[in-house]
A.B. asks: 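Before we start, here is the structure in question, set down as structure tokens.
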Amino acid sequence: MAPDKAAIVPLARPELLVRAAEQTDWDIIIIGGGATGLGTAVDAASRGYRTLLLDAHDFAKGTSSRSTKLVHGGVRYLEQGRIGLVREALVERSRMVRNAPRWVKPLSFVVPVYTVWDKLKLRVGLTAYSLLAGRFGLGPVRVLSVDETVEALPAVKREGLLGGVAYMDAQFDDAALAVALAQTVHDQGGLALNYVPVTGLAMSEGRVSGVSARDVITGRELEFTAKVVVNAAGVWVDSVRRMAQPDVAPMVSPSQGVHLVVDARWLPGDQAMLVPETEDGRVLFMIPWLGRVLLGTTDTPLDQLPIEPIAHEDEIDFILREAGQCLEKAPTRADVLSVFAGLRPLISTDPEASTSELSREHVIRVEHQSLITIAGGKWTTYRQMAEEVVDEAIKAGGLAPRACKTQALALHTELPEAGERLHPELDLTEGQVRHAVRKQFALTVEDVLARRHRALFLDAAAAIAIAPEVARIMADELDRDALWIATQVEAFIIMAEGYRCAPAPVTE
């Protein structure tokens, strides 16, 4: 029987750990608290299965808080002929808008055009994109005159402009949605714990039968058994798979995507711009987001998996250069308020393939009878992936079949009290910091300034300036001492320096 919901939701972390220790035998244990893992936990818990999710760091610490903030079908996937992938994503887009309207909202995109052929091609392609959505669409495609394009995009480059094509997609706050999913897990009777890395898999007669873990905050060692274990560790799924089989062939070929954040004056208004083809064949997005403008992204293959990936100098230059091709005035490094990088868990069967050719679709693999690995995918299809994973878990774990309930499941919504800003460039208040600790599982200064509030992603310098005050407020909530405050501030500043954009390297 699932734990009592009313008993779980208001509990602080020590009580949650007690609850986890008391219920050592679970139906489903999920490793990884990103989009896919959290979605799987919500699905499983809402079906009534005893559900435990463990994350080594904070929820959405990795890839899932570093996206382009779009909920979309993928315009360029349509050009590649991946009709099924686009249609599935457009259906899921509409569900996210309906189930999480607080965080997921429709957004108008405008594509400026400079040749007659591009105007025709984009009109046809985007109309097909819109038609694929059918009754799940967010609005029609519109062909814009030059004046209408300039009105929509005041910063657009005028020279040679022939007009534009407008279409609808959606955007969201990825980290906020992840926290809402973690809260929804608890609402549905499950348990989600951050800062509890899985350190090993238990094996019984060739079957994965549970996990060993460690609570980072207290140092306590934990053991849990389960009928099935779901590996949703993102780019780190192969590390989990190697716990059961050290010589297992890898599933994932990671790549890095970089985004820059600049002031809203670089794209005034409430409409986004899409540059349909950059010099490397990708698209470039310029998106209004939380009072700033987000520019991105890149696609760089990696052979390492850092928990805090750092943007390469050429990636920063690439984004600034491409943005300058479609703006009257190009932003420079001095205009960048924050730069962040995220890792993509791309699926590869061909080691010679470039990252742009690797699959963005997801793969579900069952190994050792009851270890289910889910890799690939994107935020837009997180719910569909979770449904498929739980369906597989039912079979692998011999669980009583129960229907999925998440297609129309509203996610947890709870707003903190308003108050006076702690910094003039940020809308963060003391009440929001306290709410993050009390209701949103925040345990570190980074949790608050990077994910419960997006300060670090919006203005790295402002986030650094406010860190001591945030630490003081958190210490009051968590009953921590002056040493904890100093350690937290130092750790945050060291990490946050990687989000500041340095001047261009001097070449002789």
Side-chain angles (χ1 to χ4, degrees), residues 28-47 49 51 53 55 59-60 62-65 67-68 70-74 77 82 84-100 104 136 170 172 174 177-178 180-182 184-185 188 190 192 228-238 240-241 251-252 254 342-348 358-367 371-397 402-409 411:
I28 300 176
I29 292 178
I30 297 140
I31 303 171
T36 308
L38 288 165
T40 300
V42 168
D43 187 300
S46 67
R47 297 197 205 193
Y49 299 120
T51 303
L53 179 143
D55 191 88
F59 303 125
T63 304
S64 293
S65 64
S67 73
T68 310
L70 293 182
V71 178
H72 64 130
Y77 302 148
R82 300 161 91 173
L85 177 64
V86 175
R87 169 66 181 175
E88 177 186 85
L90 290 172
V91 172
E92 289 301 315
R93 179 190 68 181
S94 73
R95 288 174 173 154
M96 288 180 70
V97 171
R98 181 185 63 211
N99 295 343
V104 186
F136 299 102
F172 75 135
D174 47 14
L177 188 61
L181 285 168
T184 306
V185 172
Q188 295 299 317
V228 63
V229 174
V230 173
N231 173 13
V235 292
W236 295 279
V237 292
D238 289 324
V240 174
R241 294 171 68 229
M251 290 176 62
V252 168
L343 305 180
R344 301 185 187 93
L346 304 181
I347 308 302
S348 175
L358 299 183
S359 176
R360 265 65 175 170
E361 297 180 73
H362 62 276
V363 170
I364 298 173
R365 185 173 296 175
V366 181
E367 299 170 303
L371 177 64
I372 300 176
T373 296
I374 169 74
K378 58 182 180 179
W379 252 115
T380 305
T381 53
Y382 88 91
R383 193 216 61 82
Q384 177 63 38
M385 291 189 293
E387 180 179 345
E388 294 175 19
V389 169
V390 176
D391 286 345
E392 286 292 336
I394 291 170
K395 293 183 288 186
R402 295 168 187 163
C404 176
K405 298 181 179 180
T406 59
Q407 283 135 344
L409 180 67
L411 300 188

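Just so it is clear, the values below take in all heavy atoms, side chains as well, and ignore hydrogens, waters and symmetry mates.
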A.B. asks: Is there a side-chain contact between Leu90 and Phe136 (heavy atoms, below 4.5 Å)?
C.D. replies: no

A.B. asks: So, for Arg93 and Ala170, which heavy atoms are closest and what is the spacing to 0.1 Å?
C.D. replies: CG-CB, 4.2 Å

A.B. asks: Apply side chain to side chain contact (heavy atoms under 4.5 Å, CB included) to residues Ile394 and Tyr49 and explain how you reach the verdict.
C.D. replies: CA-CA 10 Å; Ile394 291 170; Tyr49 299 120; 3.3 Å; yes

A.B. asks: Give, for atom CZ of Arg95 and atom CD of Glu92, the distance between the pair rounded to the nearest 0.5 Å.
C.D. replies: 5.0 Å

A.B. asks: Should Val42 and Leu409 count as side-chain neighbours, where that means a heavy-atom distance under 4.5 Å?
C.D. replies: yes

A.B. asks: How long is the span from the NE2 atom in His362 to the CD atom in Glu388, to the nearest 0.5 Å?
C.D. replies: 3.5 Å

A.B. asks: Quick check for you: to the nearest 0.5 Å, what is the distance between Asp55 atom CG and Leu38 atom CG?
C.D. replies: 7.5 Å

A.B. asks: Work out which heavy atom in Phe172 is nearest to a heavy atom in Leu177; give both atom names and the distance.
C.D. replies: CD1-CD2, 3.7 Å

A.B. asks: Is the shortest heavy-atom distance from the side chain of Ser46 to the side chain of Thr406 under 4.5 Å?
C.D. replies: yes

A.B. asks: State the CD-OG1 distance between Glu88 and Thr380, to the nearest 0.5 angstrom.
C.D. replies: 10.0 Å

A.B. asks: Below 4.5 Å, heavy atoms only, C-beta onward: do Leu181 and Phe59 meet side chain to side chain?
C.D. replies: no

A.B. asks: Just one of Val237, Thr63, Val230, Ile374 clears the side chain to side chain contact (heavy atoms under 4.5 Å, CB included) bar with Thr36, so which one?
C.D. replies: Ile374

A.B. asks: Mark yes or no for whether Asp174, through its side chain, and Ser67, through its backbone, hold a donor-acceptor pair below 3.5 Å.
C.D. replies: yes

A.B. asks: Check the pair Asp43 / Arg402 against salt bridge (Lys or Arg N to Asp or Glu O under 4.0 Å), numbers first and verdict last.
C.D. replies: CA-CA 11 Å; Asp43 187 300; Arg402 295 168 187 163; over 6 Å; no

A.B. asks: Check whether any side-chain N or O of Thr373 sits under 3.5 Å from a backbone N or O of Asn231 as a donor-acceptor pair, and report yes or no.
C.D. replies: no

A.B. asks: Do you know the tightest heavy-atom contact between Ile364 and Met385?
C.D. replies: CD1-O, 4.5 Å

A.B. asks: Spell out, as yes or no, whether a donor-acceptor pair under 3.5 Å connects the side chain of Trp379 to the backbone of Ser64.
C.D. replies: yes

A.B. asks: Determine the minimum heavy-atom distance between Ala192 and Ala182, stating which atoms define it.
C.D. replies: CB-O, 4.5 Å

A.B. asks: How close do Ala100 and Leu411 get, counting heavy atoms only, and between which atoms?
C.D. replies: CB-CD1, 4.0 Å

A.B. asks: Working to the nearest 0.5 Å, report the span between CZ of Arg365 and CD of Glu392.
C.D. replies: 12.5 Å

A.B. asks: Taking all atoms of both residues into account, what is the closest heavy-atom pair of Ala44 and Val390, and its distance?
C.D. replies: N-CG2, 3.9 Å

A.B. asks: Between CZ of Arg82 and CD of Glu361, what distance do you get to the nearest 0.5 Å?
C.D. replies: 5.0 Å

A.B. asks: Gln407 versus Arg383: any side-chain heavy-atom pair under 4.5 Å?
C.D. replies: yes

